[in-house]
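A quick write-up on the structure given underneath.
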Amino acid sequence: MPGVQAGLQVERLCKSYPTPAEDLVVLEQLDLCMQPGTNLAIVGSSGSGKSTLLQILGTLDRPTSGTVLLEGADPFQLDEHQLALFRNQKIGFVFQDHHLLPHLNVFENTILPAMASGTPSREQQERATALLGRVGLGHRLGHLPSELSGGERGRVAVARGLMMKPLLLLADEPTGNLDPDHAQRVLEMLLALQKEEGTMLVVVTHSMEIARQMERCVRLVRGRLEEVSWSRGESSL
């Protein structure tokens with residue numbers, strides 16, 4: 001498939017956990033391909049393995065077997081230091097609870113990923129400011145998370161996730177703690193910025209409304225992904 005080598009390619013991915021009786025299989029021979037600049041929703045019942053898959057895609061957990069290639073590179077072949085650097089530079093995260101540091105202001109929380117390699121450059125500082133302007137928080141740079149609404153904290157999380165110009169942006173229930181109006185605004189902002197930045201976006205969600213707004217939707221069932229086609233009258237997740 002054209003562009004896959006520059007994007008995300010997952011082949012025969014398996015993840016299991018040992019138990020006293022037998023291994024608990026969460027992901028089994030799972031395949032997934034994404035091209036640069038595309039977005040995807042992953043849905044499924046609670047306990048189906050959605051968060052496990054997202055953690056593996058984010059290199060926060062290792063697969064039992066199979067391959068994950070991002071821009072043609074296998075991050076799990078790297079040592080721990082190289083893997084941390086790869087994750088910082090290539091992958092962005094947006095979490096349901098936002099995980100903003102309470103003692104840092106909006107600007108500091110946004111630029112935090114750039115601080116992993118030392119003092120942020122002027123270009124990185126300008127990017128953080130520009131991103132916050134694009135999410136409508138250019139006037140709140142010095143405010144602490146406690147001084148923001150839930151929707152505003154969500155927008156800071158989006159800006160922080162894009163700070164390092166990631167190839168892959170992973171969002172785990174990014175609007176799960178927001179009311180419907182704020183959730184829709186954050187989602188629209190996330191999708192608009194994802195397209196502008198040309199990054200790949202994977203969103204794990206329980207919301208049919210969110211899933212329908214993504215370019216593709218797949219359901220995790222018995223450890224594997226199945227394409228969801230709304231044209232077939234899909235009405236529930």
Side-chain angles (χ1 to χ4, degrees), residues 7-17 24-71 73-76 78 83-84 86-100 113 154 157-158 160-164 166-178 183 186-187 190-191 193-194 197 199-208 210-211 213-228 237:
L8 173 69
Q9 187 169 6
V10 178
E11 294 184 346
R12 301 182 301 277
L13 185 70
C14 297
K15 181 64 178 181
S16 61
Y17 298 94
L24 173 64
V25 177
V26 180
L27 305 175
E28 184 173 13
Q29 299 293 318
L30 182 150
D31 295 320
L32 173 66
C33 288
M34 290 184 69
Q35 296 186 28
T38 60
N39 61 61
L40 169 77
I42 299 178
V43 300
S45 60
S46 296
S48 61
K50 300 186 301 299
S51 293
T52 297
L53 175 57
L54 211 65
Q55 287 180 327
I56 292 174
L57 295 181
T59 72
L60 298 172
D61 195 4
R62 290 180 176 269
T64 303
S65 62
T67 59
V68 177
L69 301 178
L70 186 58
E71 218 177 31
D74 183 350
F76 297 111
L78 304 174
L83 179 60
F86 181 94
R87 183 187 305 123
N88 177 258
Q89 295 181 344
K90 305 292 187 181
I91 305 172
F93 299 89
V94 181
F95 301 101
Q96 178 175 354
D97 295 323
H98 312 314
H99 295 312
L100 302 183
V158 170
R160 181 186 58 190
L162 289 166
M163 177 64 215
M164 301 301 288
L167 295 170
L168 177 64
L169 183 62
L170 304 173
D172 192 359
E173 297 284 359
T175 61
N177 290 335
L178 303 177
V186 169
L187 177 65
L190 179 60
L191 290 174
L193 286 172
Q194 174 253 324
E197 295 282 325
T199 190
M200 292 175 287
L201 171 65
V202 177
V203 175
V204 163
T205 182
H206 284 97
S207 168
M208 182 173 65
I210 288 177
Q213 296 178 65
M214 310 293 285
E215 293 171 344
R216 287 174 62 200
C217 178
V218 293
R219 180 187 285 108
L220 190 54
V221 180
R222 294 184 293 277
R224 300 189 183 190
L225 294 175
E226 300 176 350
E227 292 282 341
V228 174
L237 300 182

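No experiment lies behind these values; they were computed from the predicted model shown. Reckoned from all heavy atoms, side chains included, excluding hydrogens, waters and symmetry mates.
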Could you walk me through whether Glu227 and Arg216 pass salt bridge (Lys or Arg N to Asp or Glu O under 4.0 Å), step by step? CA-CA 8 Å; Glu227 292 282 341; Arg216 287 174 62 200; 2.5 Å; yes

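- At least one side-chain heavy atom of Asp172 sits under 4.5 Å from a side-chain heavy atom of Ser51.
- Atom CD1 of Ile42 sits about 4.5 Å away from atom CG of Leu53, to the nearest 0.5 Å.
- Residues Pro174 and Leu187 have side chains not in contact (no heavy-atom distance under 4.5 Å, counting atoms from C-beta outward).
- In terms of heavy-atom proximity, Ala41 sits nearest to Met214 at CB-CG, 3.6 Å.
- Judged by distance alone, the side chain of Glu11 and the main-chain N or O of Thr67 form no donor-acceptor pair under 3.5 Å.
- In this structure, Arg160 and Leu100 have side chains that are in contact, with non-hydrogen atoms separated by less than 4.5 Å.
- Between Phe93 and Phe95, the ring planes lie parallel to each other; the angle is under 30°, not in the 30° to 60° tilted range.
- When atom types are taken as modelled, the side chain of Gln194 and the backbone of Gly37 share a donor-acceptor pair closer than 3.5 angstrom.
- When side chains are defined from C-beta on, Glu28 does not count as touching Arg222, because their heavy atoms never get closer than 4.5 Å.
- Distance CG/Leu190 to OG1/Thr175: 9.0 Å, rounded to 0.5 Å.
- To the nearest 0.5 Å, the span separating OG1 on Thr205 from CD on Glu173 amounts to 4.5 Å.
- Distance check, rounded to the nearest 0.5 Å: CG of Leu169 to CD of Glu197 gives 9.5 Å.
- Closest approach of Gly44 and Arg219 over heavy atoms only: CA-CG, 4.3 Å.
- Distance check: Leu30 CG to Lys15 NZ gives 13.5 Å after rounding to the nearest 0.5 Å.
- From Leu54, atom CG reaches atom CG of Leu220 across 11.0 Å, with rounding to the nearest 0.5 Å.
- Pairing each heavy atom of Gly161 with each of Pro166, the nearest pair is O-CG, 3.4 Å.
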